[in-house]
Amino acid sequence: MKNVLVIGSTGQIGSELTLELRRQIPDGNIVAGYIKGAEPHGDLLTSGPCEIADVTNAEQLAQIVDKYEIDTIYNLAALLSAVAEAKPLLAWDIQMNGLINILEIARDKKCAVFTPSSIGAFGPNTPKENTPQDTIQRPKTMYGVTKVATELLSDYYFTKYGVDTRAVRFPGLISNVTLPGGGTTDYAVDIFYSAVKGEEFVCPIQAGTFMDMMYMPDAIKACIDLMNADPSKLVHRNAFNIASMSFDPEMLRNEILKFIPDFKMRYEFDSVRQAIADSWPDKMDDSCAREEWGWSPEYDMQSMTKDMIETLSQRFSK
Ligand code: SER
C-alpha cells in the first residue's frame, strides 16, 4: 500500500483514516476523495492531495487512479442505516452503483479495495449472542441489503477476477473528531457531547438494547492492518466480524456518571432506529479476524469513555 484513494475522506471514518495513512506512508500519495458540499478543511486539506471523487462517476474515479498511480482504494461512501431507510434509492445508488464502479476500476487497474460492511449486514433471524462469522444474513433494512450485497460482490470480484478485496463488519463507531450522520448507533457518540456540555441527553434507543461498538482508533487500526495482512492467511475476505465492546444505553450512562456525576439522561425512543437496533446482533464473535490477521482491539467501554470525556472536555473548555 503506497498510493491510496480514500473515497468519503471527510466522513466519520475517512477524516481520521486519511490522516493516519499520511502519517504512516509519508512518501505515498494519500488522496482525500470528497464530494461537493463535504469539502476537506484544516489538516486534511493541507497535508496531502485532495480530489473530487464521486462514487457514482466512474470516469472521475478512473482519472484519479491514473493520476496518482493508486494501488489501494478505501471506499467509505455510504448512507448510514436510518438515512438509508428514508432514502432507499439514493442508498442503493451510492452503495451498489458506486461499488460496481470501483470494482471495475480495480479490476482494470489492479487496485486493492476495502469497502466496509457492518453489524447492519445481519438481521432478526441471525443469532444475537456471539454472532458467528458465517451465519444467516437476512437484514430487513436497505442499509443491510446493500451491505450484504457489498460483501457478496466484493467476494465475487476476488474469486472471479482476483481483485484483492478485503473488509470488516464495523460495529457502531465512536469518535471525537467527525460526527456520524443518520446511523442507529449515533446515540453512543451524541451522548458524550451532551454529557460534556452539561446538557440533558435524550436517548433514542431503549434501555436493554445491546449493540457492538468500537472506538475509532481501533477501527482505523482494523482498516490498515487488514489491508497490510498476509493474503495467504485470509480464509475469509468480505467481511470479517470485529468486536471490542458491547453495551446498552444504561451501561454507558453509568460509566459516564463515574466522570460526570450530575449527567442527566432520559429516554424518548425513535421507532425507526429502535426497530433497526432490535434486528442487529448484541455481540459478534470476532475469532476469525483474530486468527487470520491478528485483530486485537485496544479499547474497551471503560477506556473509551475515559478518553472521550477527557478529549471533549479539553476541547469545550477552550
Ligand atoms: N453505525 C452504522 C449505523 O448505525 C452501522 O454500521 O447505521
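Just follow the structure's listing: the first ligand is 1, and inside any ligand the first atom is 1.
For Thr209 and Gln274, the side-chain atoms include at least one donor-acceptor pair closer than 3.5 Å. Remark: the Asp155 side chain and the His236 side chain contain no N/O donor-acceptor pair separated by less than 3.5 Å.
Remark: Arg23 pairs with Glu20 by the salt bridge (charged side-chain N to carboxylate O under 4.0 Å, His left out) rule, at least two apart or across chains. In this structure Ala77 satisfies the side-chain contact (heavy atoms from CB on, under 4.5 Å) test together with Ile7, Val55, Asn75, Ile94, sequence neighbours excluded. In this structure, the side-chain contact (heavy atoms from CB on, under 4.5 Å) partners of Ala38, at least two apart in sequence or on a different chain, are Thr10, Ile35.
The number of heavy atoms from other shown groups lying within 6.0 Å of CD (Glu69) does not exceed 12.
Listed by chain and number, Leu80, Ser81, Ser118, Tyr143, Gly183, Thr184, Thr185, Trp280 each place a non-hydrogen atom less than 4.0 angstrom from ligand 1.
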